[in-house]
Amino acid sequence: MSNPQHFVFLLIEEFSHLAFSCAIEPLRIANLVQGEELYRWSILSEDGKTVTCSNGIKTVVDGGISSIPKCDRLFVLSGINMQAHVSRSLLAGLRRERAGGTQIGALCSGAWLLAEAGFLDGSDAAIHWEYHDSFMEAFPEVNLVRSVFTVDGKFITASGGTATADLMLHLIEQHHGHDLTVSVSDQMVYNAVRNASAEQRVSIQSRNGMRNAHLAKAIHIMEKSIEAPVSPSKIATEIGISTRQLERLFGKYLNASPKKYFMDMRLDRARKLLLQTEASVTEVAFACGFENPGHFARVYRAHFGVTPHLQKNKIG
């Protein structure tokens with residue numbers, strides 16, 4: 001028997017139970033299929049006390065961050081409201097482990113905590129798509145990727161959910177070969193395993209229930225120009241159709257004009273930034289292409305029924 005690899009999972013309050021299960025189960029099944037202990041794991045919380053995930057289930061842990069056992073990998077696993085759970089002791093513990101040579105990774109929104117610790121500057125990182133806008137605003141020095149996971153840098157990151165299973169299957173294949181990985185995924189009834197280059201969100205076409213290439217290109221242009229919005233006529237020119245054709249496409253597939261769809265997209269991003277970052281209302285307005293904060297406030301209130309300032313102070 002070879003020495004089993006030891007993975008430590010540091011669970012942060014409100015962590016994702018789905019990501020946690022997708023991290024542990026492939027390891028357990030690998031042991032089962034192989035008939036020997038290839039992997040063992042320990043579960044920690046910051047203070048060594050019971051930790052609660054986002055669905056309310058409480059998890060008993062093996063210890064706290066002050067007593068991390070020697071391990072092959074330490075994974076930080078968080079979920080919603082991860083910013084509220086960043087503490088000096090947590091960051092100090094992570095920095096201490098890094099200084100000691102521990103290989104550190106992050107699952108779901110865990111990349112946020114690694115970035116707060118200063119680990120990810122200049123590195124690729126994956127995080128759940130829900131936090132992309134706020135992450136880019138908070139950590140411009142980090143190379144945020146849309147992949148389901150990253151494994152090429154010093155810090156492994158996975159975007160959460162089933163992407164965590166993809167990462168664990170990748171690690172199993174690295175150390176124990178393709179055949180075992182296939183057997184594990186078969187036991188999981190998981191036949192859509194993705195590699196690190198796969199993007200985590202469905203395509204614009206699938207998300208909107210259509211396959212029109214012009215419309216997909218138009219939405220892609222909008223997504224890339226939120227800070228400096230372009231007009232429907234310029235979008236139409238760039239994709240090689242008339243403005244009238246563009247209007248018809250948006251009306252047919254999305255039941256909205258290009259102008260309204262783009263405004264809704266900008267306001268949705270503004271809401272994420274207000275709720276997920278420390279940026280001021282004025283900074284959020286500029287980041288979403290509004291040159292006048294007063295105009296932004298009026299449009300925001302008309303759309304969401306609450307002013308940006310009140311939204312900023314609203315939990316969740």
Side-chain angles (χ1 to χ4, degrees), residues 5 7 9-12 15-30 39 41 53-54 73-80 82 103-115 119-120 122-136 138-139 142-178 180-208 216 219-220 223-224 272 276:
Q5 284 196 296
F7 289 179
F9 296 93
L10 176 59
L11 306 183
I12 309 301
F15 70 94
S16 164
H17 199 270
L18 174 60
F20 180 50
S21 297
C22 285
I24 296 290
E25 285 302 289
L27 307 180
R28 180 191 68 81
I29 294 171
Y39 297 96
W41 48 89
C53 64
S54 56
R73 293 189 185 276
L74 166 65
F75 287 102
V76 180
L77 200 172
S78 55
I80 61 174
M82 63 285 174
Q103 293 191 58
I104 301 176
L107 308 175
C108 196
S109 65
W112 191 287
L113 284 84
L114 299 195
F119 295 171
L120 299 181
S123 300
D124 289 351
I127 195 170
H128 192 282
W129 62 264
E130 181 71 19
Y131 304 110
H132 276 194
D133 290 336
S134 53
F135 190 91
M136 288 187 291
F139 308 108
V142 180
N143 180 28
L144 179 65
V145 298
R146 295 186 180 276
S147 305
V148 290
F149 63 86
T150 64
V151 291
D152 294 332
K154 294 181 180 179
F155 301 92
I156 290 177
T157 56
S159 56
T162 56
T164 307
D166 296 319
L167 171 60
M168 293 300 160
L169 290 167
H170 173 85
L171 295 178
I172 291 170
E173 181 168 357
Q174 268 192 332
H175 293 106
H176 301 289
H178 180 69
L180 179 59
T181 302
V182 171
S183 296
V184 172
S185 60
D186 283 347
Q187 287 289 326
M188 296 169 62
V189 197
Y190 186 47
N191 56 10
V193 182
R194 297 164 292 181
N195 59 33
S197 64
E199 291 195 4
Q200 52 178 296
R201 291 202 76 175
V202 296
S203 66
I204 291 171
Q205 294 96 319
S206 297
R207 195 158 71 237
N208 293 308
I219 294 173
H220 182 70
E223 289 180 331
K224 295 296 184 181
K272 290 179 183 177
Q276 299 173 7

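Between I156 and L171 the shortest side-chain heavy-atom distance falls below 4.5 Å. Residues H132 and R146 have side chains in contact (heavy-atom distance under 4.5 Å, counting atoms from C-beta outward). Side-chain contact between P26 and M188: present, with at least one pair of heavy atoms (C-beta onward) separated by less than 4.5 Å. The shortest side-chain heavy-atom distance between Y39 and I172 falls under the 4.5 Å cut-off.
Distance check, rounded to the nearest 0.5 Å: OG1 of T162 to OH of Y190 gives 4.0 Å. The distance from the SG atom of C108 to the CD atom of E130 is 10.5 Å, given to the nearest 0.5 Å.
Nearest heavy-atom pair, W112 versus S134, reported as atom, atom and distance to 0.1 Å: CZ3-OG, 3.6 Å. Between I127 and S109, the shortest heavy-atom contact is CG1-CA, 3.7 Å. The shortest non-hydrogen separation linking L120 to A125 is CD1-CB, 3.9 Å. Shown here for A126 and S159, the closest heavy-atom pair between the two residues is CB-N, 4.3 Å. Taking each heavy atom of L180 and A30 in turn, the nearest pair found is CD1-O, 4.3 Å.
Between the side chain of S185 and the main chain of V182, a donor-acceptor pair closer than 3.5 Å is present. Between the S54 side chain and the S16 main chain, no donor and acceptor come within less than 3.5 Å of each other.
For the side chain to side chain contact (heavy atoms under 4.5 Å, CB included) with F75, the lone residue among L11, T157, L167 that qualifies is L167.
In terms of the side-chain hydrogen bond (donor to acceptor under 3.5 Å, both in side chains) criterion, residue partners of Q103 (sequence neighbours excluded) are, by chain and number, R73. For D124, there are no salt bridge (Lys or Arg N to Asp or Glu O under 4.0 Å) partners at least two apart in sequence or on another chain.
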Check: Going through the checks in order, is the side chain to side chain contact (heavy atoms under 4.5 Å, CB included) test met by L27 and M168?
Finding: CA-CA 7 Å; L27 307 180; M168 293 300 160; 4.2 Å; yes
Checklist line | Pair W41-R28, side chain to side chain contact (heavy atoms under 4.5 Å, CB included): steps then yes or no | finding: CA-CA 9 Å; W41 48 89; R28 180 191 68 81; 3.9 Å; yes
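Taking the six-membered ring where tryptophan is involved, the planes of F135 and F139 are tilted, since the angle between them lies from 30° to 60°.
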